[in-house]
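This report refers to the structure that appears directly beneath it.
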Amino acid sequence: MATTLLVLLLIAIVVVFSVKNIRMQVISRPVFSFFKKVLPPLSNTEKEAMEAGDVWWEGELFKGKPNWQILHSYGKPTLTSEEQEFIDNQVMTALTMIDDYNIVNDRKDLPPELWDYFKKEGFFALIIPKKYGGKAFSAYANSTIVSKIASRSVSAAVTVMVPNSLGPGELLTHYGTSEQKDYWLPQLADGRAIPCFALTGPEAGSDAGAIPDSGIVCRQEFNGVDTLGLKLNWDKRYITLAPVANVLGLAFQMYDPDGLLGDTKHIGITCALIPTDHDGVEIGSRHNPLNLAFMNGTTRGKDVFIPLDWIIGGSQYAGRGWRMLVECLSAGRGISLPALSTASGHMTTKTTTAYSAVRQQFGLEIGKFEGVQEALARVIANTYQLEAARRLTTTGIDLKVKPSVVTAIAKYHMTELGRKVVDDAMDIQSGKGIQLGPKNYLGHGYMALPISITVEGANILTRSLMIFGQGATRCHPYVLAEMEAAGMEDTSAGLERFDALLLGHIGYATRNAFSALGNALTGSRFAQSPVSGETKQYYKDMTRLSAGLALMTDVSMLILGGDLKRKEMLSARMGDVLSQLYLGSATLKLFEDNGRQFDDLPAVRHVMATRLHLAAKALDEAIRNFPNRGVALLLRALIFPLGNRFKDASDKLSIELANAMSQPGPARDRLTFLCPDFEGDTSGIAEVENAFVAKHACKGLYKKLKSAQKEGSLPTKLAPLALFDAALEIALITEQEYQSLVKADELRLAAIAVDEFEAL
């Protein structure tokens, strides 16, 4: 009897799903009505943001079964011969001209010769097409150039990155009219025109779409001719390069109250290009961004009239400014700010591994203390992660996609990782890090940390609103199409479209539920991996967590609907899962791109343990805080039936990584190349690196001295010079070896020294 009932039930299910008329009445129509009720309506700005961005690798991570071969197919980012030559020559020359202490503390500006060099050599033209005199460099090259400069001076790097980021150059290249390009791009390329872009104001920060600045369509005499144009009023702040700019990009709300252009009264956000010497344009005084020296300030305008053809792209782009801005945000979010953070990682890894080896306390290198090793391992691992994310993100941009979710992930997580590496470096280097002066290489970078955190959208809102808010809808293989079907004016056509999507969605959700449960019960043993060897399990575990995220997303949307928008803590945690999976993907990709180097493995192990732990922790916390407790129990049974067993990097991994990187070698070089050495460098970075190299060269001699002390042939408590003298006296070392030890100790003392000043 029970078997008969089960067979009948299965037949009924098959009939319901396979017979369209029955399925439409029993399933699709009720679900369609429910869907229309619970899904949040998309505002115009949200809709434009969705349409402007492209789905890239993050879409695979949202599917629950990432195709890892796609990740590997993206290729390794490389520099062209022209890009490499520019870095080897112009960039390295620029580094020799940078004295960051002088820039920040004495000049409060770059020296005139550095400004002139940047202009003459095309540092402000990295993204401008060659036909206009620009470099047309790749995103990877742009990032590498900014990073190398930032490793020596954040103020100089910001000055270079802004003209090559969101602003007139990029907007004109993509959207400008032929006349605008021909007039402005050559001037921007050779430095005659210094640009700024005014978006942020007192009432519009992260919510850039809410800008109150206005442009009213009107007619007015301009250059002696009656002209159709705009009367502009604006009040902007935090505008980088504004104090020195002679061309202003401006975002404003455009209105046509008198119908001079048509029936639409509120045309929308629009972008225009205005010379700063134009009548009515006011460039205000400078801000003081945490005492750094890059130019940042205000701009205002009252009843400033401009012709319509000053709109970027001409009048046909009126009202399309928000989409233009969203499409171009990848430069700031995906290139510039991550470049600053990655530079922080390279510089702190270079200096902190060196300092830990030359600084001694209690007769021992501080890098041998486990407490220091724990923090040092985080510095190294986070730097490996930053470099990996920098490369993967710029790869996407260079593939000419506009990965808006990926760049939001990069902006938030890379700036936060940048903050962590400098914090840990300050803890390790201690007094060396807090005494400002020419020898200090950490202080200005530490002061600059909150700047990257706050610009291009505050990090808190980027995490809680953008990453999952856009990602869940934009990257989900069905939801956006279902929302479009639900929004169709023709309800019958919308239902037909929805019915076709629903079957696929049900199959997708079912597969992810079984995948999440099966992988949890088997330790991901049967999940696929594109590689063998030690990293194989990481791919399998990432697939498991991807399935868990996909399941959690579907259930959250189904149960919470539009309320999910307001559950920011919940959506932020699910965004964290996606972010950690992206960062983990970048790490595994870098390991492959580097040729699966054995000496990279300590960093990879530490990073992947951390990424998997944080992804599982975020998923676990999302389940724990899910508002429907019955559903939360079901989710836990499917995703973590045996509990959350993903552990953070162990002490053993931290010690292994710290020891591996505390000596010169190829692995350390790969993680510090953005903070390059150059001939004649007298900076604090050079001092500590020279001491590190010299001390390592004497490694065998130090070991010999230590053995002699243990045997009793040398006293155990002698100052270094006295110890060297005693060793020479008993012929334990030669005169040449003695001189090497003395020189290494001189370099050591110079490296641990800090600046002193007359009474301030």
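If you're wondering where the values come from, they're calculated on a predicted model, not measured in any experiment.
Every side-chain contact (heavy atoms from CB on, under 4.5 Å) that Leu521 has, sequence neighbours left out, goes to Leu517, Pro641, Leu642.
Screening residues 626-642 for side-chain hydrogen bond (donor to acceptor under 3.5 Å, both in side chains), with sequence neighbours left out, gives Asp620-Arg636. Among residue pairs with one or both ends in residues 611-663, none qualify as ring pair (Phe, Tyr, Trp, His ring centres under 6.0 Å); sequence neighbours excluded. Sequence neighbours left out, the pairs with a member in residues 369-381 that pass side-chain hydrogen bond (donor to acceptor under 3.5 Å, both in side chains) are Gln373-Asn659, Arg378-Asp424. Within the structure, every pair that satisfies the salt bridge (Lys or Arg N to Asp or Glu O under 4.0 Å) test and touches residues 515-540, not counting sequence neighbours, is listed here: Glu534-Arg605. Sorted by first and then second residue, the pairs that involve residues 532-559 and meet ring pair (Phe, Tyr, Trp, His ring centres under 6.0 Å), not counting sequence neighbours, are Trp68-Tyr539, His72-Tyr539.
Considering CE of Met414 and OG of Ser344, their distance stands at 10.5 Å, rounded to 0.5 Å. Note that the CG atom of Asn512 and the NZ atom of Lys63 stand 11.5 Å from one another [nearest 0.5 Å]. In this structure, the separation between CG on Asp576 and CG on Leu581 is 10.5 Å, given to the nearest 0.5 Å. Between the CG atom of Leu417 and the OG1 atom of Thr383 there is a distance of 9.0 Å, given to the nearest 0.5 Å. With rounding to the nearest 0.5 Å, the separation of NZ in Lys411 from CD1 in Ile453 is 6.5 Å. In this structure, OG in Ser579 is found 10.0 Å from CZ in Arg611, a value given to the nearest 0.5 Å.
Put simply, the side chain of Thr394 does not reach to within 4.5 Å of the side chain of Ser138, judged on heavy atoms. Under the 4.5 Å side-chain criterion, counting only non-hydrogen atoms from C-beta, Leu653 is not in contact with Leu657. Between Leu570 and Met574 there is a side-chain heavy-atom pair separated by less than 4.5 Å. Side-chain atoms of Ser356 and Val372, non-hydrogen and from C-beta on, do get closer than 4.5 Å to each other. Considering only heavy atoms from C-beta on, Leu578 comes within 4.5 Å of Leu61 through its side chain. Using a 4.5 Å heavy-atom threshold, the side chains of Gln69 and Pro530 count as touching.
Among Ile366, Thr348, Thr353, the one residue that satisfies the side-chain contact (heavy atoms from CB on, under 4.5 Å) test with Ile428 is Ile366.
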- Report the C-alpha distance between Lys652 and Glu656 in whole Å, list the side-chain angles of each, state the deciding distance to 0.1 Å, and finish with yes or no for salt bridge (Lys or Arg N to Asp or Glu O under 4.0 Å). CA-CA 6 Å; Lys652 181 180 178 181; Glu656 178 190 23; over 6 Å; no
- Message: Please evaluate residues Trp56 and Tyr74 with respect to the criterion ring pair (Phe, Tyr, Trp, His ring centres under 6.0 Å), reporting the C-alpha separation (whole Å), side-chain torsions for both, the decisive distance (0.1 Å), and the verdict.
- Response: CA-CA 11 Å; Trp56 188 53; Tyr74 292 140; 4.7 Å; yes
- Message: Working note: Asp599 + Arg670, criterion salt bridge (Lys or Arg N to Asp or Glu O under 4.0 Å); need CA distance, chi angles, decisive distance, verdict.
- Response: CA-CA 10 Å; Asp599 53 359; Arg670 287 192 291 272; 2.6 Å; yes
- Item | CA sep, side-chain torsions, deciding dist, call: Asp593, Lys589, salt bridge (Lys or Arg N to Asp or Glu O under 4.0 Å) | CA-CA 6 Å; Asp593 288 348; Lys589 177 72 162 52; 2.9 Å; yes
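By the neighbour-count criterion of 12 heavy atoms within 6.0 Å, atom NZ of Lys420 is sparsely surrounded, having that number or fewer from other residues, nucleotides or ligands. By the 6.0 Å contact criterion, CD on Gln528 is open, its count of non-hydrogen atoms from other residues, nucleotides or ligands being 12 or less.
Of the possible donor and acceptor atoms, none in the side chain of Lys65 sits under 3.5 Å from a partner among the backbone N and O of Arg511. Judged by distance alone, with hydrogens and angles left aside, the side-chain atoms of Gln385 form no donor-acceptor pair with the main-chain N or O of Val604 at under 3.5 Å. Without hydrogens or angle criteria, Thr352 side chain to Thr349 main chain gives no donor-acceptor distance under 3.5 Å. Checked by atom type and distance alone, the side chain of Arg391 never pairs as donor or acceptor with a backbone atom of Lys76 at under 3.5 Å. When atom types are taken as modelled, the side chain of Glu60 and the backbone of Asn67 share a donor-acceptor pair closer than 3.5 angstrom. Side-chain atoms of Ser452 do not come within 3.5 Å of backbone N or O of Leu337 as any donor-acceptor pair. The backbone N or O of Ala139 lies less than 3.5 Å from no partner atom in the side chain of Ser143, so there is not a single donor-acceptor pair. In this structure a side-chain-to-backbone donor-acceptor pair under 3.5 Å is present from Glu83 to Thr80. Using modelled atom types, no side-chain atom of Ser524 and backbone atom of Ala527 make a donor-acceptor pair closer than 3.5 Å. Gln597 contributes a side-chain N or O that, together with a main-chain N or O of Asn594, makes up a donor-acceptor pair within less than 3.5 Å.
Defined by atom type and a distance below 3.5 Å, a donor-acceptor pair is present between the side-chain atoms of Ser654 and His606. Arg390 and Thr144 share a side-chain donor-acceptor pair at under 3.5 Å.
Using a 30° and 60° split on the angle between ring planes, His696 and Phe692 fall in the tilted class, from 30° to 60°.
Checked for salt-bridge contact, Lys617 and Glu621 meet the test: a charged N lies under 4.0 Å from a carboxylate O.
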